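Each ligand, and each atom within it, is numbered from 1 in the order the structure gives. Because only heavy atoms are used, hydrogens play no part in the values below, and waters and symmetry mates are left out as well, while side chains stay in. Quick caveat, the model's predicted, so the values are computed rather than measured.
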Amino acid sequence: MTMTVLVTGGAGFIGSHTCVELLASGCDVVVVDDYSNSSPAALDQVRALAGRPLTVYRADLRDRVALDAVFAAHPIDAVIHFAAKKAVGESMDIPLDYFDINIGGTTSLLRAMWAHGVHRLVFSSSCSIYGASAKTPLDEDEPAAPTNPYALSKWTCEQLLAQACQRYPELAVIALRYFNPVGAHPSGLIGEDPLGRPNNVMPYLMQVAVGRLERLPVFGDDYPTPDGTAIRDYIHVCDLAEGHRLALEHLGDATGLRVFNLGTGVGVSVLQLVEAFGQACGRPIPFQIMPRRPGDVARLIADAGRVERAWGWRTTRGLADMCRDAWQFQKLNPDGYRGTTAPVLSTSET
Ligand code: UD1
């Protein structure tokens with residue numbers, strides 16, 4: 001692909017892996033990130049992995065002046081929009097931040113795209129918009145029923161993108177609804193490194209494995225599942241990155257909004273994940289059964305059929321790969337990116 005792609009949130013977990021995938025496929029990449037939950041060091045590792053430069057701007061998407069300068073400086077063909085806040089629990093505490101950053105960031109980006117004649121967008125959405133739907137597996141036609149401000153912000157963005165596409169028929173938008181992204185690049189150079197105490201199960205497990213945290217709290221063992229713990233559809237971040245590259249390739253197929261689940265279709269319980277991670281790191285992971293976490297549901301599994309029918313694509317990496325690669329990143333970076341000696345970038349660097 002010979003395209004110039006703007007990646008918002010490119011220093012984050014999924015963004016950084018997608019940048020590697022795009023650079024490897026021949027795209028030129030421009031990143032906008034405010035590093036509010038990521039590190040510039042991730043992008044140094046991306047450059048090292050891809051063996052190619054990329055351009056980085058430190059900016060908040062709601063800063064239209066900064067965004068206009070980025071679009072004016074580069075011949076952007078398409079945008080992949082990751083930059084957003086993503087912690088479900090936090091969103092209950094500070095919903096207005098979630099609405100402002102996630103929805104305000106998206107509308108600001110759309111306005112800048114429109115002003116600069118850029119009509120192609122891949123949007124980072126989430127299976128959380130399905131809410132507490134009891135359906136298994138979940139297909140894209142399942143009605144949205146967001147149960148927290150984070151999910152509501154993603155669903156609102158999907159809706160406003162749909163309306164924008166109606167008003168501006170030149171727009172081509174693909175929303176990708178991720179299930180539970182985990183794993184890391186097999187090199188161990190980039191991976192998931194949340195700031196502060198992890199909310200999600202995999203980064204928590206990784207930090208228990210290196211002794212930064214004592215034991216994993218397992219939230220609930222009384223769900224109606226075979227071992228009583230909740231089931232999720234974990235997807236390897238490299239599969240997810242490939243999905244984004246493919247979405248870019250298919251943006252030109254049609255205008256309007258198209259929506260795809262990205263998951264494996266395979267359900268894994270918390271205890272199965274703990275066991276698999278223990279295998280990967282060569283020792284059992286200490287855990288403790290705790291009460292259920294408010295807002296959690298028993299089972300969330302993707303029907304990943306639509307993307308396969310549309311693009312002939314399915315995930316190729318399994319649970320053992322996810323655990324092996326996540327462990328490789330944690331082993332090489334026990335303190336995450338804070339342990340690396342990468343220089344801090346300021347406004348822009350090629
Ligand atoms: C949530 C969102 C998802 C979002 C993801 C990342 C929903 C329905 N899903 O996924 O859209 O992309 O966060 O922000 O809102 N668990 C433990 N111990 C822990 C942490 C988690 O047992 O310390 C369990 C949870 O109870 C759950 C499973 O592990 O059953 C996965 O939890 P988590 O990694 O937080 O992801 P979700 O809540 O499924």
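Looking only at atom types and distance, the side chain of Ser38 has a donor-acceptor partner in the side chain of Asp33 under 3.5 Å away.
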Return all side-chain donor-acceptor pairs below 3.5 angstrom for residues 115-124, not counting sequence neighbours, or 'none' if the list is empty.
residue, atom, partner, partner atom, Å
His116, NE2, Asp68, OD1, 2.9
Ser124, OG, Tyr178, OH, 3.0

Anything under 3.5 Å between a donor and an acceptor, one on a side chain of residues 248-257, the other on a protein residue two or more places apart or in another chain? List them.
residue, atom, partner, partner atom, Å
Glu249, OE2, Arg245, NH1, 3.1
His250, ND1, Asp253, OD2, 2.6

Let me have the donor-acceptor pairs involving side chains of residues 92-108, under 3.5 Å, with sequence neighbours excluded, atom names and distances please.
residue, atom, partner, partner atom, Å
Tyr98, OH, Ala87, N, 3.0
Tyr98, OH, Ala87, O, 3.0
Tyr98, OH, Glu90, OE1, 2.4
Asp100, OD2, Arg62, NH1, 2.9
Asn102, OD1, Lys85, N, 2.8
Asn102, ND2, Lys85, O, 3.0
Asn102, ND2, Ser153, OG, 3.0
Thr106, OG1, His81, NE2, 3.0
Thr106, OG1, Asn102, O, 2.7
Thr107, OG1, Ile103, O, 3.2
Thr107, OG1, Gly104, O, 3.1
Ser108, OG, Leu61, O, 2.6

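A distance limit of 4.0 angstrom between heavy atoms and ligand 1 selects the residues Lys86, Val88, Ser126, Ser128, Tyr150, Asn180, Asn199, Asn200, Val201, Tyr204, Leu216, Pro217, Val218, Phe219, Ala230, Arg232, Tyr234, Val270, Arg293, Asp296, Leu300.
In this structure, Gly336 and Arg212 approach most closely via the heavy-atom pair N-NH1, 3.9 Å. In this structure, Thr147 and Gly131 approach most closely via the heavy-atom pair CG2-CA, 4.1 Å.
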